[in-house]
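We use all heavy atoms of the structure for the numbers below, so side chains are in, but hydrogens, waters and symmetry mates are not.
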Amino acid sequence: MTVDTLAQAATAAAGGTTAAAADATATDATATAAAAGSARRFPAGFRWGAATAAYQIEGAAAEDGRTPSIWDTFSRRPGAVRNGDTGDIAADHYHRYRDDVALMSELGLGAYRFSLSWPRVRPGGRGPANETGLDFYDRLVDELLAAGIDPVATLYHWDLPQELEDEGGWTDRETAYRFAEYASIAARRLGDRVATWTTLNEPWCSAFLGYGNGVHAPGRTDHAAALTAHHHLLLAHGLGTAALRAELPAAAQVSLTLNLAAVRPLSTDPADLEAARRIDGLANRIFLDPVFHGRYPEDVLADTADVTDWSFVRDGDLAEISRPIDSLGINYYTPTVVAAEDTSGTDTGGPRGDGHQGGSPWPADRGIRFLPAPGTRTAMGWPVDADGLYELLTRLRDDLPGVPLLVTENGAAYEDYTDPSGAVHDPERVDYLHGHLAAVHRAITDGAPVRGYFLWSLLDNYEWAYGYSKRFGIIHVDFASQRRTLKDSAHWYARVIRDGQLPG
């Protein structure tokens, strides 16, 4: 990100040009589109989907040979997860997958992005495959295909086998090689039917929330360890890509999903621009440069030199990491606004504005403040700003020409409940989705090669350190009875999929 780009972001932020202002309600957004006299139709072949993750929905934590993951262990640490919630049962998808696929079919989903549980497929992270665990994914994939839904498999959505963490986890280089072996096992079993694969989901969270500030499993608080884990996760992606290519048909697609940040300086003051450069490096370029250009950004190495000497990077690693992939997945929820440290004495502190709990997950962020963006808030306290998604997609259009993009997660948590009639009305989520899909459409119109959109999430689920207190699903789950109810947002999304365009 250049200084000019950062300055433009600062100007936009100062002017308050947010999606919350432009698309405050679905009614306003629809009226705007109608006034313009143009329906926002998506391209033919656009992939409409929804996404979940294994630990968040499957349950059956100790069934059929599955062994503990780092989240099974972390969730039992006193105070780590709200209300002491665990994923032992979650949405019980392991036993109810047929009913869930039927609901996907009812919604008209063309694709379903799910993750495999590493400790279910290869208990302990090494040794033979667990055939019973693989049988579950066989059944799920076959059920999806029978319903006309494309299975999109993610290999790692944060559930590292606990035995591997006991040996060092992602700070141990060997974990990357165990991941490649796991990728081979999964591809051999499912590759004849699963045509789209993702190696890792949000390695930023795995490294910086898991090892940096410890609010995610495994709960370590060591910024040097976070940077080591970051590199080994990328190495696992490269090794895993090679392993998948060796097992899959030539037409299969391999991707990586990143939660890149729309980083905005508070102002055009040089100190704020410098803060944005540093966080852009740690959020975005620390992934994009090694994966697509085979190098780490020199400024990031310099910024973090007092945290680590980067000696964990070995000859050949970056060539491995930068193996070609077929598409890039983007997860987006809220922008990141930064400024230089306030030296006036007027800053009274307050909650972090980068969307993350606890202390700082960012290595070498001294002298940087994280501020909330303007706009309405979700139940997570995250500002609603669809412009950030447009900014990311068009930036990637320019920075990575020719690389197909998928929005692999986008959604919002709200305080949902069933009314006396049994319905779940969630107009805020409909507004959120309308605004963000409008941003995706605008990016496509402006040349961004976005090939699909996967809403987060299909089901209410186990929301990591928040336990069951936050609901992201378009399908309401009563966790006591496991009853599923389509929310208004689900019906709205089904209409968008059916029509291939936003209403209005």
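Looking at R495, its side chain never comes within 3.5 Å of a backbone N or O of A490 through a donor-acceptor pair. Not a single donor-acceptor pair under 3.5 Å links the side chain of D159 to the backbone N or O of S69. With hydrogens and angles disregarded, a donor-acceptor distance shorter than 3.5 Å links the side chain of T304 to the backbone of V300. Checking side-chain atoms of D426 against main-chain N and O of E428 turns up no donor-acceptor pair under 3.5 Å. Checked by atom type and distance alone, the side chain of D499 never pairs as donor or acceptor with a backbone atom of Q501 at under 3.5 Å. Although no hydrogens or angles enter the test, the distance criterion places no donor-acceptor pair under 3.5 Å between the side chain of E463 and the main chain of Y468. Judged purely by atom type and a 3.5 angstrom limit, R429 has no side-chain atom pairing as donor or acceptor with the backbone of D416.
Between D272 and R369 no salt bridge is recorded (no basic side-chain N to carboxylate O distance below 4.0 Å). By the 4.0 Å N-to-carboxylate-O rule, D303 lies close enough to R277 to be salt-bridged with it. With salt bridges taken as basic N to acidic carboxylate O contacts below 4.0 Å, one links D92 and R96. A salt bridge does not link K470 with D460: every distance from a Lys NZ or Arg NE/NH1/NH2 to an Asp or Glu carboxylate oxygen is 4.0 Å or more. Taking a cutoff of 4.0 Å between a charged side-chain nitrogen and a carboxylate oxygen, R471 and E415 do not qualify as a salt bridge.
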Query - From CA spacing to verdict: side chain to side chain contact (heavy atoms under 4.5 Å, CB included), V152, V194 - result: CA-CA 7 Å; V152 177; V194 177; over 6 Å; no
Report task. Could you walk me through whether L406 and V450 pass side chain to side chain contact (heavy atoms under 4.5 Å, CB included), step by step? Result -> CA-CA 6 Å; L406 294 165; V450 185; over 6 Å; no
Requested in this report: Quick one: do T336 and D354 satisfy side chain to side chain donor-acceptor pair (under 3.5 Å)? Show the steps, please.
Outcome: CA-CA 5 Å; T336 300; D354 59 357; over 6 Å; no
Requested in this report: Starting from the C-alpha separation in whole Å, work towards a yes-or-no answer on ring pair (Phe, Tyr, Trp, His ring centres under 6.0 Å) for Y414 and F472.
Outcome: CA-CA 7 Å; Y414 289 102; F472 275 88; 8.9 Å; no
Query raised in the report: Please walk me through it: do N284 and D289 pass side chain to side chain donor-acceptor pair (under 3.5 Å)?
Result: CA-CA 8 Å; N284 299 325; D289 280 21; over 6 Å; no
Requested in this report: Go through the steps to decide whether H237 and T199 satisfy the test side chain to side chain donor-acceptor pair (under 3.5 Å), and finish with yes or no.
Outcome: CA-CA 6 Å; H237 158 70; T199 53; 2.7 Å; yes
**Report entry** I330 vs L328, side chain to side chain contact (heavy atoms under 4.5 Å, CB included): CA-CA, chis, key distance, verdict
**Finding:** CA-CA 7 Å; I330 304 301; L328 177 65; 3.8 Å; yes
**Report entry** From CA spacing to verdict: side chain to side chain contact (heavy atoms under 4.5 Å, CB included), Y417, H476
**Finding:** CA-CA 8 Å; Y417 60 91; H476 183 275; 5.8 Å; no
Query raised in the report: Does the pair D280 and R264 meet the rule for a salt bridge (charged side-chain N to carboxylate O under 4.0 Å, His left out), with working shown?
Result: CA-CA 9 Å; D280 180 71; R264 299 172 181 165; over 6 Å; no
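In this structure, the side chains of V424 and L486 stay at 4.5 Å or more apart for every pair of heavy atoms. Side-chain contact check for Y493 versus L107: every heavy-atom pair is 4.5 Å or farther apart. Between D99 and L103 the shortest side-chain heavy-atom distance does not fall below 4.5 Å.
Neither side chain, N213 nor H356, offers a donor N or O lying under 3.5 Å from an acceptor on the other. Side-chain contact of H436 with Y332: a donor-acceptor pair under 3.5 Å is absent, judged by distance alone. Neither side chain, N201 nor T154, offers a donor N or O lying under 3.5 Å from an acceptor on the other.
The line from CG of L244 to OG of S184 is 7.5 Å long, rounded to the nearest 0.5 Å. In this structure, the separation between CD1 on I57 and OG on S115 is 7.5 Å, given to the nearest 0.5 Å. Taken to the nearest 0.5 Å, the CG atom of L200 stands 12.0 Å off from the CH2 atom of W158. With rounding to the nearest 0.5 angstrom, the CG atom of D365 is 8.0 Å from the CG atom of L282. Once rounded to the nearest 0.5 Å, the distance linking OG of S457 with CD1 of I475 reads 9.0 Å. Rounded to the nearest 0.5 Å, atoms CD (E58) and OG (S117) are 5.5 Å apart.
With sequence neighbours excluded, the residues that form a salt bridge (Lys or Arg N to Asp or Glu O under 4.0 Å) with D100 are R484. Evaluation of the salt bridge (Lys or Arg N to Asp or Glu O under 4.0 Å) rule for R397 yields no partner, not counting sequence neighbours.
Among residue pairs with one or both ends in residues 192-207, those qualifying as salt bridge (Lys or Arg N to Asp or Glu O under 4.0 Å) are D138-R193, D142-R193; sequence neighbours excluded. Residue pairs meeting the salt bridge (Lys or Arg N to Asp or Glu O under 4.0 Å) criterion with at least one partner in residues 241-251, sequence neighbours excluded, are R188-E247, R245-D326.
P503 approaches H434 most closely through the heavy-atom pair O-NE2, 3.7 Å. Closest approach of T334 and P383 over heavy atoms only: OG1-O, 2.7 Å. What you find for L318 and G294 is that their closest heavy atoms are CB-O, 3.5 Å. Residues R278 and A364 share a closest heavy-atom pair of NH2-O, 2.8 Å. Across all non-hydrogen atoms, the minimal contact from P151 to L144 is CB-CD1, 3.8 Å. Between F42 and L437, the shortest heavy-atom distance links the atoms CZ-O, 3.5 Å.
In this pair, Y296 and H230 present their aromatic rings tilted. The plane angle is within the 30 to 60° band. Using the six-membered ring where Trp is involved, Y137 and F114 have ring planes that are parallel, under 30° apart on the 30 and 60° scheme. Ring geometry, Y182 versus W118: the interplanar angle falls under 30°, so the pair is classed parallel (tilted spans 30 to 60°). Using bins of under 30°, 30° to 60° and over 60° for the plane-to-plane angle, the ring pair W71/W464 lands in the tilted bin.
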Taking only distance into account, with no hydrogens and no angle test, what donor-acceptor pairs under 3.5 Å do side-chain atoms of residues 253-262 form with protein atoms, sequence neighbours excluded?
residue : atom : partner : partner atom : Å
Q253    : NE2  : A251    : O            : 3.4
S255    : OG   : W197    : O            : 3.1
S255    : OG   : T198    : OG1          : 2.8
T257    : OG1  : T408    : OG1          : 3.3

Acceptor/donor pairs from residues 45-54 side chains to any protein atom, 3.5 angstrom cut, sequence neighbours excluded:
residue : atom : partner : partner atom : Å
R47     : NH1  : T196    : OG1          : 3.4
T52     : OG1  : Y112    : OH           : 2.6

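In this structure, R442 satisfies the cation-pi test against Y390, with its NZ or CZ atom closer than 6.0 Å to the six-membered ring centre and inside 45 degrees of the ring normal.
Aromatic rings from H157 and Y55 are positioned such that their centres are separated by 6.0 Å or more. Checked against a 6.0 Å centroid threshold, the rings of W170 and Y156 count as neighbours.
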